[in-house]
Amino acid sequence: MFEHFPRYPGDPIFSLVDRCRQDPRPEKVNLSIGLYYDDAGRVPKLQSVSIAEEALRAESQACIYQPMAGAANYRQAVQEVLFGASHSKVKDKHIATAQTIGGSGALKLGSDLLRQYFPDSQVWVSDPSWDNHAAIFSGSGFTVNRYPYFDVANSGVNFPAMLACLEKLPARSIVLLHPCCHNPTGADLTSAQWHEVVKIAKARELIPFCDIAYQGLAQGMDEDAYVIRALADAGVSFLVSNSFSKTFSLYGERCGALSMVCKDAEEADRVLGQMEFTVRRSYSSPPTHGGQIVARVLLDPALNAMWRDEVEAMRVRIVQMRQALHDQILALRPDAQCAFIVSQRGMFSYSSFFAKHAQELRDRFGIYILDSGRVCITGLNTGNVQRVAQAIVQVLE
């Protein structure tokens, strides 16, 4: 019956994680998958999360079905962290938000909705982008195109080429944007550059789709939401998918959300109804536990402040590891062109510098990075950064 099913070649990231897990070398270093590790090489349990979990256990509520759009307190918390609690779009109820199964679930929900109501539109994602972006939109039936983004020569953003492409797109084109910590490159736009993108999106009636999974890990919690708030301030209708996996260290709980910013409350109410209908015919309703942890933390002033401090500590450690890797490489090879390591932001660093030597780093040294040249900086710590730098310098010789 199923002989015509082709074999799935596997996801490149998860496949590499499996290879690393099977590698017997004790000195191996996993710099492939996007997980945040502390300096001891462990995925941390946040104190704010532990306190919220304990409070939820004490309440001992029955585990019943959630509403199709998810819990109201979670949806409120999502809007406040993305847009700010005092934003007029939040206060005037112009935003429709649904709790989703992670950030990927939010992308899928938004993709299916857009495909139904904008069937003639095409999708544009950055070159490069997270592989699953193209996969999700094409899985909904969209034609997926690429807009120029990364400048290989300087390992930064090729903003003139990106802008030139956006200025030529037809109205109702769907444009996938990374508000901060661009995946896979770590190369972000400045506030001034985002302002130019917002102007084009409004003038050409584009449909921005912002995907933010690392809020707080680039410049700060509010700073990283700059373009989201700028689009809302400009009166643009757009979508935002967000994830709390990294910033709450709740990967397996799959805590995400899709928000759609509308022109008024009546439109937002209709949009939310279509989000609910789409959820109902897919997975019916989201899970409870992880979302209630997030809501408890974000809506409690003391826990919110504690969480923000914990995320800031993550951000600072990432910056320190970038600087340490950069300095260690230069100490061993002063002519190495590695300034991009400290100029890029967030969990990932990306360069043809790494891509050319990915296989050799894995085979000779047990240092696992993606073939694309993406390095997960959070896999570095004070105990392994020198060895990683030494390996990089050796493969360059």
**Student:** Do the side chain of Asn145 and the main chain of Val123 share a donor and acceptor less than 3.5 angstrom apart?
**Tutor:**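 Confirmed, Asn145 side chain pairs with Val123 backbone.
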**Student:** Between Arg362 and Leu370, what is the shortest heavy-atom contact and its length?
**Tutor:**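 The pair with the smallest heavy-atom distance is NH1-C, 4.2 Å.
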**Student:** What is the distance from atom CD1 of Ile293 to atom CZ of Phe248, rounded to the nearest 0.5 Å?
**Tutor:**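 Taking CD1 in Ile293 and CZ in Phe248, the distance rounds to 9.0 Å.
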**Student:** Set out, in order, the CA-CA distance, both residues' side-chain angles and the distance that settles side chain to side chain donor-acceptor pair (under 3.5 Å) for Arg296 and Asn73, then state yes or no.
**Tutor:** CA-CA 8 Å; Arg296 180 66 62 106; Asn73 61 347; over 6 Å; no
**Student:** Take Arg387 and Phe365, measure what side-chain contact (heavy atoms from CB on, under 4.5 Å) needs, and give me the verdict at the end.
**Tutor:** CA-CA 9 Å; Arg387 180 175 175 274; Phe365 301 100; 3.9 Å; yes
**Student:** Using the benzene-type ring in the case of Trp, are the ring centres of His133 and His178 under 6.0 Å apart?
**Tutor:**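 Yes; His178 has its ring centre under 6.0 Å from that of His133.
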**Student:** Compare all side-chain heavy atoms of Val375 with those of Phe348 and state whether any distance is below 4.5 angstrom.
**Tutor:**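 The answer is no; the side chains never approach within 4.5 Å.
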**Student:** Can you hop from Phe118 to Phe137 via hydrophobic side chains spaced under 4.5 Å?
**Tutor:**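 Hydrophobic grouping puts Phe118 with Phe137.
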**Student:** Would you check if Tyr149 and Thr185 make a side-chain contact, meaning some heavy-atom pair closer than 4.5 Å?
**Tutor:**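 A side-chain contact exists here, since the closest heavy-atom pair is under 4.5 Å.
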**Student:** Of the non-hydrogen atoms in Val175 and Tyr147, which two are nearest, and what is the gap between them?
**Tutor:**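 For Val175 versus Tyr147, the nearest heavy atoms are CG1-CE2, 3.8 Å.
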**Student:** Quick one: does Gln328's side chain have a donor or acceptor within less than 3.5 Å of a partner on Gln386's backbone?
**Tutor:**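 Looks like no, no N/O pair under 3.5 Å.
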**Student:** Check for me, please, whether Ile95 and Ile228 land in the same ILVMFWY cluster - side-chain distances under 4.5 Å, paths through other members count.
**Tutor:**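 Hydrophobic grouping puts Ile95 with Ile228.
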**Student:** With clusters defined by side-chain heavy atoms of hydrophobic residues (ILVMFWY) lying less than 4.5 Å apart, directly or transitively, does Val395 cluster with Ile341?
**Tutor:**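 Result: yes, single cluster for both.
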**Student:** Would you call Asp38 and Arg317 a salt bridge, using N to O less than 4.0 angstrom?
**Tutor:**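 Looking at Arg317 together with Asp38, the answer is no, because their closest N to O distance does not fall below 4.0 Å.
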**Student:** Would the number of heavy atoms belonging to other residues, nucleotides or ligands and lying under 6.0 Å from CZ of Arg42 be above 12?
**Tutor:**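 No.
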**Student:** Examine distances only and state if a side-chain atom of Thr278 and a backbone atom of Gln274 form a donor-acceptor pair shorter than 3.5 Å.
**Tutor:**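 Indeed, once roles are kept as given, a pair shorter than 3.5 Å links the two residues.
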**Student:** Find the distance between CD1 (Ile174) and OG (Ser121) and round it off to the nearest 0.5 Å.
**Tutor:**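 With rounding to 0.5 Å, CD1 (Ile174) is 4.5 Å from OG (Ser121).
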**Student:** So, taking the atom named CG in Asn183 and the one named CG in Asp211, what distance separates them when rounded to the nearest 0.5 Å?
**Tutor:**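 The CG atom of Asn183 sits 8.5 Å away from the CG atom of Asp211.
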**Student:** Under the 3.5 angstrom rule, does the side chain of Lys246 hit a backbone N or O of Tyr214 as a donor-acceptor pair?
**Tutor:**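 Checked: no pair found.
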**Student:** Determine whether Thr143 and Gln122 satisfy the following criterion, side chain to side chain donor-acceptor pair (under 3.5 Å), listing intermediate values before the conclusion.
**Tutor:** CA-CA 5 Å; Thr143 297; Gln122 294 189 13; 4.5 Å; no
**Student:** Is the closest basic N to carboxylate O distance between Glu223 and Arg315 below 4.0 Å?
**Tutor:**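 The answer is no: the pair does not qualify as a salt bridge.
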**Student:** I'd like to know whether CD of Gln359 has more than 12 heavy-atom contacts from other residues, nucleotides or ligands below 6.0 angstrom.
**Tutor:**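 Counting other residues, nucleotides and ligands, CD of Gln359 exceeds 12 neighbours.
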**Student:** Does the distance from a Lys or Arg side-chain N to an Asp or Glu carboxylate O, for Asp112 and Arg115, drop under 4.0 Å?
**Tutor:**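 Between Arg115 and Asp112 there is no salt bridge, as every charged N stays at least 4.0 Å from the carboxylate O atoms.
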**Student:** Output yes when Asp23 and Arg21 qualify as a salt bridge under the 4.0 Å nitrogen-oxygen rule, no when they do not.
**Tutor:**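 So Asp23 does not pair with Arg21 through a salt bridge.
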**Student:** Does the Asp264 side chain pair with the main chain of Glu267, one donor and one acceptor, at a distance under 3.5 Å?
**Tutor:**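 Yes: the side chain of Asp264 pairs with the backbone of Glu267.
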**Student:** Check whether any side-chain N or O of Arg345 sits under 3.5 Å from a backbone N or O of His182 as a donor-acceptor pair, and report yes or no.
**Tutor:**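 No, the answer is negative, given that no donor and acceptor are paired below the 3.5 Å cut-off.
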**Student:** Is Ser15 reaching over with its side chain to a backbone N or O of Asp11, donor-acceptor style, under 3.5 angstrom?
**Tutor:**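 Such a contact is found between Ser15 side chain and Asp11 backbone.
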**Student:** Should Met260 and Val236 be regarded as members of a common hydrophobic cluster, given that ILVMFWY residues are connected when their side-chain heavy atoms come within less than 4.5 Å of each other, either directly or indirectly?
**Tutor:**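 Met260 and Val236: separate clusters.
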**Student:** When rounded to the nearest 0.5 angstrom, what is the spacing between OH in Tyr74 and CZ in Phe244?
**Tutor:**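 It is 5.0 Å, given to the nearest 0.5 Å.
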**Student:** Determine whether a donor-acceptor pair (N or O, by modelled atom type, separation under 3.5 Å) exists between the side chain of Lys28 and the backbone of Ile367.
**Tutor:**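 No.
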**Student:** Show the nearest heavy-atom pair for residues Ser138 and Val144, with the distance to one decimal.
**Tutor:**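 Closest approach of Ser138 to Val144: N-CG2, 3.7 Å.
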**Student:** Would you check, one step at a time, whether the test salt bridge (Lys or Arg N to Asp or Glu O under 4.0 Å) holds for Glu266 with Arg270?
**Tutor:** CA-CA 7 Å; Glu266 189 275 334; Arg270 284 188 284 108; 2.7 Å; yes
**Student:** Flag the pair Phe150 / Tyr350 as yes when their ring centroid distance falls below 6.0 Å, and as no otherwise.
**Tutor:**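 Yes.
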**Student:** Walk me through it: do Gln394 and Glu360 pass the test side-chain contact (heavy atoms from CB on, under 4.5 Å)?
**Tutor:** CA-CA 10 Å; Gln394 287 187 55; Glu360 188 175 1; over 6 Å; no
**Student:** Taking atom types as modelled and ignoring hydrogens, do the side chains of Asp224 and Gln219 form a donor-acceptor contact shorter than 3.5 angstrom?
**Tutor:**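 No, because no side-chain N or O of Asp224 sits under 3.5 Å from a partner of the opposite role on Gln219.
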**Student:** If you measure from the Lys or Arg side-chain nitrogens to the Asp or Glu carboxylate oxygens, is any gap between Lys89 and Asp233 under 4.0 Å?
**Tutor:**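 Salt bridge absent between Lys89 and Asp233.
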**Student:** Start with the C-alpha distance between Ile377 and Tyr37, add both sets of side-chain angles, then the distance that settles side-chain contact (heavy atoms from CB on, under 4.5 Å), and finish with yes or no.
**Tutor:** CA-CA 9 Å; Ile377 295 293; Tyr37 299 93; over 6 Å; no
**Student:** Would you say Gln193's side chain and Thr190's backbone share a donor-acceptor pair under 3.5 angstrom?
**Tutor:**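 Yes; judged by distance alone, with no hydrogens or angles, the pair exists.
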**Student:** What's the verdict on salt bridge (Lys or Arg N to Asp or Glu O under 4.0 Å) for Glu205 and Arg172, showing C-alpha distance, side-chain angles and the deciding distance?
**Tutor:** CA-CA 6 Å; Glu205 297 185 340; Arg172 305 293 191 270; 3.0 Å; yes
**Student:** To the nearest 0.5 Å, tell me how far Ile212 CD1 sits from Gln215 CD.
**Tutor:**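 Here the rounded value is 4.5 Å.
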**Student:** Please tell me whether Ile207 and Val198 are part of a single hydrophobic cluster in this structure, the criterion being side-chain heavy atoms less than 4.5 Å apart.
**Tutor:**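 Shared cluster, no.
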**Student:** Would you name the heavy atoms of Cys181 and Leu217 that are closest together and state the gap between them?
**Tutor:**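 Of all heavy-atom pairs spanning Cys181 and Leu217, the closest is SG-C, 3.8 Å.
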**Student:** Any donor-acceptor pair under 3.5 Å linking the side chain of Arg146 with the backbone of Ser126?
**Tutor:**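 Yes, Arg146 side chain to Ser126 backbone: donor-acceptor pair under 3.5 Å.
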**Student:** I'd like to know whether Asp18 forms a side chain to side chain donor-acceptor pair (under 3.5 Å) with Gln22, so could you lay out the CA-CA distance, the side-chain angles of the two residues, the decisive distance to 0.1 Å, and finally the verdict.
**Tutor:** CA-CA 6 Å; Asp18 288 339; Gln22 295 166 16; 5.7 Å; no
**Student:** Indicate yes or no: at least one non-hydrogen side-chain atom of Asn304 is less than 4.5 angstrom from one of Glu80.
**Tutor:**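 In short, these two side chains do not touch, never coming nearer than 4.5 Å.
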**Student:** Roughly how far, to the nearest 0.5 Å, is OG of Ser259 from CD of Gln79?
**Tutor:**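 Gln79 atom CD to Ser259 atom OG measures 5.5 Å (nearest 0.5 Å).
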**Student:** Does any donor atom in the side chain of Ser48 or Glu310 lie under 3.5 Å from an acceptor atom in the other side chain?
**Tutor:**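 There is such a pair between these side chains.
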**Student:** Looking at Arg280 and Glu276, is any side-chain nitrogen of the basic one under 4.0 Å from a carboxylate oxygen of the acidic one?
**Tutor:**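 Salt bridge absent between Glu276 and Arg280.
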**Student:** If we only count heavy atoms from C-beta on, is the Cys165 to Trp124 side-chain gap below 4.5 Å?
**Tutor:**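 Counting from C-beta outward, Cys165 and Trp124 do come under 4.5 Å.
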**Student:** Between His326 and Phe340, does the ring centroid distance fall short of 6.0 Å?
**Tutor:**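 Between His326 and Phe340, the centre distance exceeds or equals 6.0 Å.
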**Student:** Any side-chain heavy-atom pair from Leu107 and Trp130 closer than 4.5 angstrom?
**Tutor:**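 Yes, their side chains come closer than 4.5 Å.
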**Student:** What's the verdict on side chain to side chain donor-acceptor pair (under 3.5 Å) for Gln66 and Ser285, showing C-alpha distance, side-chain angles and the deciding distance?
**Tutor:** CA-CA 6 Å; Gln66 292 235 61; Ser285 64; over 6 Å; no
**Student:** Are Val157 and Asp188 side-chain neighbours, meaning at least one heavy-atom pair lies under 4.5 Å?
**Tutor:**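 No, their side chains stay 4.5 Å or more apart.
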**Student:** Provide the closest heavy-atom pair for Pro148 versus Met162 in the form atom of the first, atom of the second, distance.
**Tutor:**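 The answer is O-CB, 3.2 Å.
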**Student:** Work out which heavy atom in Asn242 is nearest to a heavy atom in Leu82; give both atom names and the distance.
**Tutor:**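 It is OD1-CD1, 3.8 Å.
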